[in-house]
Every structure is written in structure tokens, then in C-alpha cells.
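Being a predicted model, the structure only gives us computed values, none of them experimental.
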Amino acid sequence: MVGSARPEKHSLTLRGHRTSVSLEPEFWAAFRKIATARDQTINGLAIEIDEARGDVGLASAIRVFVLKTLTDQAP
């Protein structure tokens with residue numbers, strides 16, 4: 001079943017501060033792939049997302065970023 005995996009918690013470091021983010025494995029994989037394609041670390045990309053997210057939770061902001069990036073790349 002697609003999307004049946006539970007979220008996985010990973011630690012990120014944002015400007016010297018450690019935080020945990022829970023995302024489904026598919027989102028972690030896509031997030032890493034996007035960071036690599038942009039020649040960034042996932043911490044660096046997470047900092048950019050964190051700075052632009054406003055009052056949205058970081059995990060939600062990362063999911064929306066991943067979805068928007070993949071949608072924008074679709075033919």
C-alpha cells in the first residue's frame with residue numbers, strides 16, 4: 001500500500017540548533033534527492049525552508065516544499 005509507512009523522526013541542525021522532524025520515508029527520500037540536486041545538505045535546505053515558513057510547522061513546510069518542487073518539475 002502506498003503511503004502506509006509511518007513517519008520517521010530525524011534530527012536536523014538549523015543554525016546550530018538541533019531539532020527533530022518527522023516525515024514519511026517517501027518525503028525524506030525526495031527531500032534528500034532535491035537537496036542533492038541543488039548541491040545542498042538537507043540541513044542547509046531545511047534552513048531555507050525554516051526561514052520562509054512563517055507560522056507553519058517545519059515538517060508541514062518541508063512536505064509542501066517537496067510537493068511543490070516535484071510538481072514544478074513534472075512535464
Could you pull out the closest heavy-atom pair between [X] and [Y], with the gap in Å?
X	Y	answer
Leu23	Ala59	CD2-O, 3.6 Å
Ala61	Val56	N-CG1, 3.9 Å
Glu24	Ala5	CG-O, 4.0 Å

If I take atom [atom1] from residue [X] and atom [atom2] from residue [Y], how far apart are they, to the nearest 0.5 angstrom?
X	Y	atom1	atom2	value
Arg63	Ile49	CZ	CD1	12.0 Å
His10	Trp28	NE2	CH2	5.5 Å
Asp39	Leu45	CG	CG	12.0 Å
Arg18	Asn43	CZ	CG	7.5 Å
Arg32	Gln40	CZ	CD	15.0 Å
Ile34	Ile42	CD1	CD1	12.0 Å

Practice prompt. Apply side chain to side chain contact (heavy atoms under 4.5 Å, CB included) to the pair Asp50 and Arg15, showing each step before the final yes or no.
Written response: CA-CA 10 Å; Asp50 184 51; Arg15 296 174 298 282; 2.7 Å; yes
Worksheet item: Does Ile62 belong to the same Ile/Leu/Val/Met/Phe/Trp/Tyr cluster as Leu70, with side-chain heavy atoms less than 4.5 Å apart forming each link?
Response: yes
Discussion item. Using the rule given for side chain to side chain contact (heavy atoms under 4.5 Å, CB included), can you reason through Val21 versus Phe27, listing the C-alpha separation, both sets of side-chain angles and the distance that settles it, and then say yes or no?
Written reply: CA-CA 11 Å; Val21 176; Phe27 278 102; over 6 Å; no
Practice prompt. Please identify each residue that fulfils salt bridge (Lys or Arg N to Asp or Glu O under 4.0 Å) with Glu48, with sequence neighbours left out.
Written response: Arg38
